[in-house]
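Not measured: the values here are computed from a predicted model. Just follow the structure's listing: the first ligand is 1, and inside any ligand the first atom is 1.
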Amino acid sequence: MIAARIIGHRGASSLAPENTLAAIRAAAEVGVRWVEIDARLLGDGTPVVHHDECVDRCTDGTGPLSGYDSATIGRLDAGSWYSHAFIGERIPLLAEALALVRELGLGINLELKAGDHCGARRLAEAVLGELSAAAMPRERVLVSSFEPAALTSSRAQNRGLLIGCLWSRLPARWRRRAADLGAVSVHCDWRHLTERIATAVKQAGLGLYCYTVNDPQAFLPYWGWGVDGIFTDRPQDFLGSDQAAGLE
Ligand code: G3P
Ligand code: MG
């Protein structure tokens, strides 16, 4: 097992505002051992944890992340949009999130959100720098991205890094592309996965992780296809169930 069977998506985003320190803590509190979070760069090159290119959906601010720096990003409230109970949550710097992940003893899937080739390289360099500064144990970090350049750059900086290919639907030449990137796992949208593809991925010796799975009943057959783990907003609905028992 590369990561865990049940991975908190954006932390545990049904229990706290996504991609905040509160969401990471909430995941750990329900027994999650790995979390997935999204990484992006601010205008000054500081990596932060945020899904969207703009701050509008998940904060009280407006505009692209590139319009903020490490001083101004902390002025945004990233909790009140979700619930009054989370007023005061911030968009975490990646360094802060990694420190918390370490403190809680979790594993982390870092998804690099990069728009283009050049941005991908800058993001990978910044993220790898933070991973190194945080002294994250190798076996507890899995880096993935929809942008192949982000993975190529990441691996060039750290040959031992665990890499996951992220696709909505697996492309035609997925084996070759995964091999070229030195990937250990494939991550895909479960709604596009078929038993034939799942079997082939496992036969290729790769880990298979599906996003975003929030319905334990609907996903039951997929475990039988060899899926290793899921990204879920609702880890509390999966942990402790028969599906997850004994398989961590
Ligand atoms: O990494 C899996 C999943 O998070 C990819 O999609 O849009 O939720 O970041 P998204
Ligand atoms: Mg993600």
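In this structure, the side chains of Ile37 and His51 stay at 4.5 Å or more apart for every pair of heavy atoms. No side-chain heavy atom of Ile7 sits less than 4.5 Å from a side-chain heavy atom of Thr232.
A salt bridge is defined here as a Lys NZ or Arg NE, NH1 or NH2 lying under 4.0 Å from an Asp or Glu carboxylate O, and Lys202 with Asp228 meets this definition. For Arg40 and Glu111, the salt-bridge test fails: no basic side-chain N is under 4.0 Å from an acidic carboxylate O.
Listing protein N, O or S atoms at distances below 2.8 Å from the Mg ion (ligand 2), with waters left out, gives Glu36 OE2, Asp38 OD1, Glu111 OE1.
Donor-acceptor pairing under 3.5 Å is lacking for the side chains of Ser14 and Asp233. Side-chain contact, Asn109 with Ser144: a donor N or O sits under 3.5 Å from an acceptor N or O.
Other residues, nucleotides and ligands contribute at most 12 non-hydrogen atoms within 6.0 Å of the CZ atom of Arg196.
Considering CZ of Phe231 and CH2 of Trp34, their distance stands at 9.0 Å, rounded to 0.5 Å.
Under the 30°/60° scheme for interplanar angles, the aromatic rings of Phe86 and Tyr82 are found to stand perpendicular.
Using a heavy-atom distance under 4.0 Å as the criterion, the protein contacts of ligand 1 are His9, Arg10, Glu36, Asp38, His51, Glu111, Lys113, Phe146, Leu166, Tyr211.
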